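Let me begin by presenting the structure, written as structure tokens, before commenting on it.
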Amino acid sequence: MNRVAMKSTYLRSVFYPSDFIADEQPAFEHALKIAFAARGRLDLFHVVQPGEEYDASLFPSGRSTLERWGCIPFGASAESVEATGLEVRKVHSRSPGVVATIEEHVSAAGPALLVLASHQRAGADRWLHRALSEPLARACRVPTLLVPRHGRRFVDEETGKAKVRIVLVPVDHEPGAQPAISRAEALLRTLGVVDAHFILLHIGPAWRVPRVQVSSESGWTHEVETWEGDVVEHIVESAKANAAELVVMAKSGQRSPLDALRGSTTERVAREVPCPLLVVPVEREAAVAKARAEESEWPVVPALA
């Protein structure tokens with residue numbers, strides 16, 4: 001496969017901030033798989049703190065991971081990785097302000113997707129440990145995939161194969177869920193998923209379920225599920241009960257002083273949901289949709305592995 005192989009228009013670039021710690025591996029593997037399947041670019045980024053010595057070798061290894069997955073031969077050269085269509089860049093910046101620095105570089109790089117490792121801490125533990133995923137997902141107005149460090153994953157660590165059988169999408173009138181559904185569909189197409197089932201979850205009476213459109217591609221199905229009660233609790237419980245591999249939520253930002261204190265609905269779900277969470281900012285998606293109004297559909301790009 002040469003460098004001119006077709007890439008996914010949506011997932012042309014993936015941005016992954018690395019902490020240089022071992023338990024970030026699941027998030028890195030998701031970022032690598034998505035960029036590899038899209039034949040796109042993966043930016044690995046690290047903020048060097050005062051007093052820290054920068055060592056590029058501490059970045060998680062894309063080459064050894066691709067070797068383990070059987071995507072390239074063992075002992076392959078860097079040129080072998082490039083021949084797959086994947087471009088990996090290692091970038092660092094020295095600054096005491098981690099969130100602001102990452103936000104600045106995300107804004108400059110303009111990635112199609114930001115991938116973050118999520119600690120899922122709650123209560124006092126969140127105040128005692130540095131939490132980065134929530135403020136980054138809030139500050140960086142790009143679609144963001146939050147991958148729990150110790151939760152369910154949809155990329156197999158040994159084979160690199162993607163399995164996304166159940167996709168849970170909370171739907172409401174505000175924010176509208178259609179941009180989130182469209183981004184989820186584009187992600188599944190890029191990963192080559194052919195048997196996904198979308199569960200459209202509405203918290204409230206059945207008569208208030210908003211109209212949304214899900215692709216009728218062969219092998220994809222969907223249903224509407226309605227619950228009454230606390231929004232966050234029922235999203236998390238539905239994800240557990242249905243063994244979802246991916247939850248997808250539209251995000252319009254914090255809307256009240258209480259949100260600023262305890263976090264938005266999306267942030268509270270991210271702390272408890274047992275699988276990766278794709279957060280889609282609706283304001284940005286509206287601008288993207290307007291710019292691409294003449295495109296009839298997202299391109300279908302088969303996964304390489």
Side-chain angles (χ1 to χ4, degrees), residues 1 3 5-20 24-47 56 59-66 69 71-72 78 81-82 84-93 101-118 132-133 136-137 139-149 153-157 160-162 164 180 182-193 246 248 276-281 284-285 288 298-299 301-305:
M1 189 71 64
R3 292 289 299 169
M6 182 175 63
K7 299 183 180 183
S8 163
T9 301
Y10 163 40
L11 291 167
R12 64 194 178 279
S13 58
V14 179
F15 194 97
Y16 176 70
S18 174
D19 262 351
F20 289 172
E24 72 177 8
Q25 190 69 15
F28 165 72
E29 289 171 355
H30 282 68
L32 177 65
K33 172 64 180 182
I34 294 168
F36 181 76
R39 301 173 178 87
R41 188 184 77 233
L42 173 60
D43 286 335
L44 303 179
F45 183 76
H46 179 70
V47 180
F59 276 114
S61 173
R63 194 186 312 179
S64 64
T65 304
L66 293 175
W69 291 349
C71 298
I72 59 174
V81 176
E82 293 181 358
T84 68
L86 172 69
E87 178 186 359
V88 179
R89 306 192 307 184
K90 297 180 179 180
V91 184
H92 74 280
S93 179
T101 302
I102 294 176
E103 180 185 4
E104 178 183 348
H105 280 263
V106 168
S107 178
L113 182 69
L114 173 65
V115 179
L116 299 172
S118 175
L132 295 178
S133 59
L136 280 172
C140 300
R141 303 302 294 171
V142 299
T144 301
L145 182 67
L146 296 164
V147 182
R149 296 178 188 266
R153 59 175 68 187
F154 62 75
V155 174
D156 186 274
E157 62 181 322
K161 295 187 179 301
V164 190
S182 298
R183 285 311 191 190
E185 291 174 342
L187 174 60
L188 298 192
R189 290 189 186 108
T190 298
L191 293 172
V193 175
L246 177 65
V248 185
L277 170 64
L278 177 62
V279 180
V280 181
R284 180 183 186 274
E285 293 307 293
V288 171
W298 295 104
V301 181
L304 294 179

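Just so you know, residue 1 is the first one in the sequence shown, and it goes up from there. No experiment lies behind these values; they were computed from the predicted model shown.
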Least distance between heavy atoms, Ala37 atom then Leu191 atom: CB-CD2, 4.3 Å

Distance in Å, Arg149 CZ paired with Leu116 CG, rounded so as to fall on 0.5 Å steps: 9.5 Å

Heavy-atom pair of closest approach, residues Thr144 and Leu113: N-CD1, 4.2 Å

Euclidean distance, Ile102 CD1 relative to Leu136 CG, rounded to 0.5 Å: 4.5 Å

Closest approach of Pro111 to Val142 (non-hydrogen atoms, all atoms of both residues): O-CG1, 4.0 Å

Nearest-0.5 Å distance, CG of residue Asp156 to NZ of residue Lys161: 9.0 Å

side-chain hydrogen bond (donor to acceptor under 3.5 Å, both in side chains) against Ser18, all qualifying residues, sequence neighbours excluded: Glu24

Donor-acceptor contact present, side-chain Ser107 to main-chain Glu103, <3.5 Å: no

Gap separating the CZ atom of Phe36 from the CD1 atom of Ile72, nearest 0.5 angstrom: 8.0 Å

Shortest non-hydrogen contact between Tyr16 and Pro60, atoms and distance: CE2-CG, 4.4 Å

Rounded distance [0.5 Å steps], CG in Leu277 versus CG in Leu246: 8.0 Å

Beyond-backbone contact of Trp69 with Val155, side-chain heavy atoms, under 4.5 angstrom: yes

Under 3.5 Å donor-acceptor, Ser93 side chain and Val91 backbone: no

Side chain to side chain contact (heavy atoms under 4.5 Å, CB included) between Phe154 and Leu145, intermediate numbers included: CA-CA 12 Å; Phe154 62 75; Leu145 182 67; 4.1 Å; yes

Separation between CG of Leu188 and CD of Glu185, rounded to the nearest 0.5 Å: 8.0 Å

Parallel, tilted or perpendicular, as decided by the 30° and 60° cut-offs, for the rings of Phe20 and His46: parallel

Shortest non-hydrogen separation from Leu146 to Pro148 and the atoms involved: O-CD, 3.7 Å

Check: Ala112 main-chain N/O paired with Ser13 side-chain donor or acceptor under 3.5 Å: yes

Non-neighbouring partners of Ala35 that pass side-chain contact (heavy atoms from CB on, under 4.5 Å), sequence neighbours left out: Val14, Leu42, Leu86

side-chain hydrogen bond (donor to acceptor under 3.5 Å, both in side chains) against Arg153, all qualifying residues, sequence neighbours excluded: Glu29

Step-by-step side chain to side chain contact (heavy atoms under 4.5 Å, CB included) determination, Arg63 to Val88: CA-CA 10 Å; Arg63 194 186 312 179; Val88 179; over 6 Å; no

Closest contact, heavy atoms only, Val248 versus Ala180: CG1-O, 3.4 Å

Residues that Ser61 engages under side-chain hydrogen bond (donor to acceptor under 3.5 Å, both in side chains), provided they are two or more places apart: Ser64

Sequence-distant partners of His30, side-chain hydrogen bond (donor to acceptor under 3.5 Å, both in side chains), two or more places apart: none

Backbone N/O of Gly160 and side chain of Lys33: donor-acceptor pair under 3.5 Å: yes

For Phe45, ring-ring contact (aromatic ring centres under 6.0 Å, His included) partners two or more places apart: Phe15, His105

